[in-house]
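Remarks on the structure that follows.
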Amino acid sequence: QKEVEQNSGPLSVPEGAIASLNCTYSDRGSQSFFWYRQYSGKSPELIMFIYSNGDKEDGRFTAQLNKASQYVSLLIRDSQPSDSATYLCAVEEPGGYQKVTFGTGTKLQVIP
Amino acid sequence: EAGVTQSPTHLIKTRGQQATLRCSPISGHTSVYWYQQALGLGLQFLLWYDEGEERNRGNFPPRFSGRQFPNYSSELNVNALELEDSALYLCASSPPTGGYTFGSGTRLTVV
């Protein structure tokens, strides 16, 4: 059973701080990693994807991947109250079967 | 470009009945992915359809089934509904850049 683990939170950070969200995965062969944001009562929205070891930046978001440690993280700089949501880590299983395993998500609360 | 559309938004069914959920992918996309999000659980992969064929299936019983039509829209059928089938059912397209674009979902309530 492929697993994607996230701390459920809630993670509370003050407005303007850096929020750090972490995720570990079990399948060492995984190559594609995604972060989704899900507001309460809404469907998930893709915010970042990363395929290579290292960092990938997009605006206030940075995704970090360490395949050796089977670890993915998402940093949100200058956190805003509008960033308050549940963040889902997702890992695509290798083999071309298009099956993505999601973590249960980390709830982020940005305190004004 | 229209996104992924799902209908109905809400569906209430009685235990033992059948539910039919519908999805249209982003125009030009040939694949449709179905996921279940039950309360307190992560998104669980249900089915992947591409070019009219079922390509992969998650760990769900056979009473979860579906099909994809020639226009690439898709239907998810859940037979013999059980209370634990109550969940948000999400359909997704996968753009060339990767990841999923989800529809707004169908919230199924089984009473």
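In what follows, chains carry the letters A, B, and so on, assigned in the order in which the sequence lines appear, proteins first and then strands, with residues in each chain numbered from 1.
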Side chain, backbone, both or neither: which part of B/L90 has a non-hydrogen atom closer than 4.5 Å to chain A? side chain
Do B/T30 side-chain atoms and B/E51 backbone N/O form a donor-acceptor pair below 3.5 Å? no
Think A/K42 forms a cation-pi with B/F102, using NZ or CZ under 6.0 Å from the six-ring centre and within 45 degrees of its axis? no
Counting only heavy atoms not in A/R77, do more than 12 sit closer than 6.0 Å to its CZ atom? yes
Specify which of A/T101, A/L88, A/V100 makes the most heavy-atom pairs with chain B at under 4.5 Å. A/V100
Just by distance, no angles: are the side chains of B/S104 and B/Q6 close enough, under 3.5 Å, to form a donor-acceptor pair? no
For A/E45, is it the side chain, the backbone, both, or neither that has a heavy atom closer than 4.5 Å to a heavy atom of chain B? neither
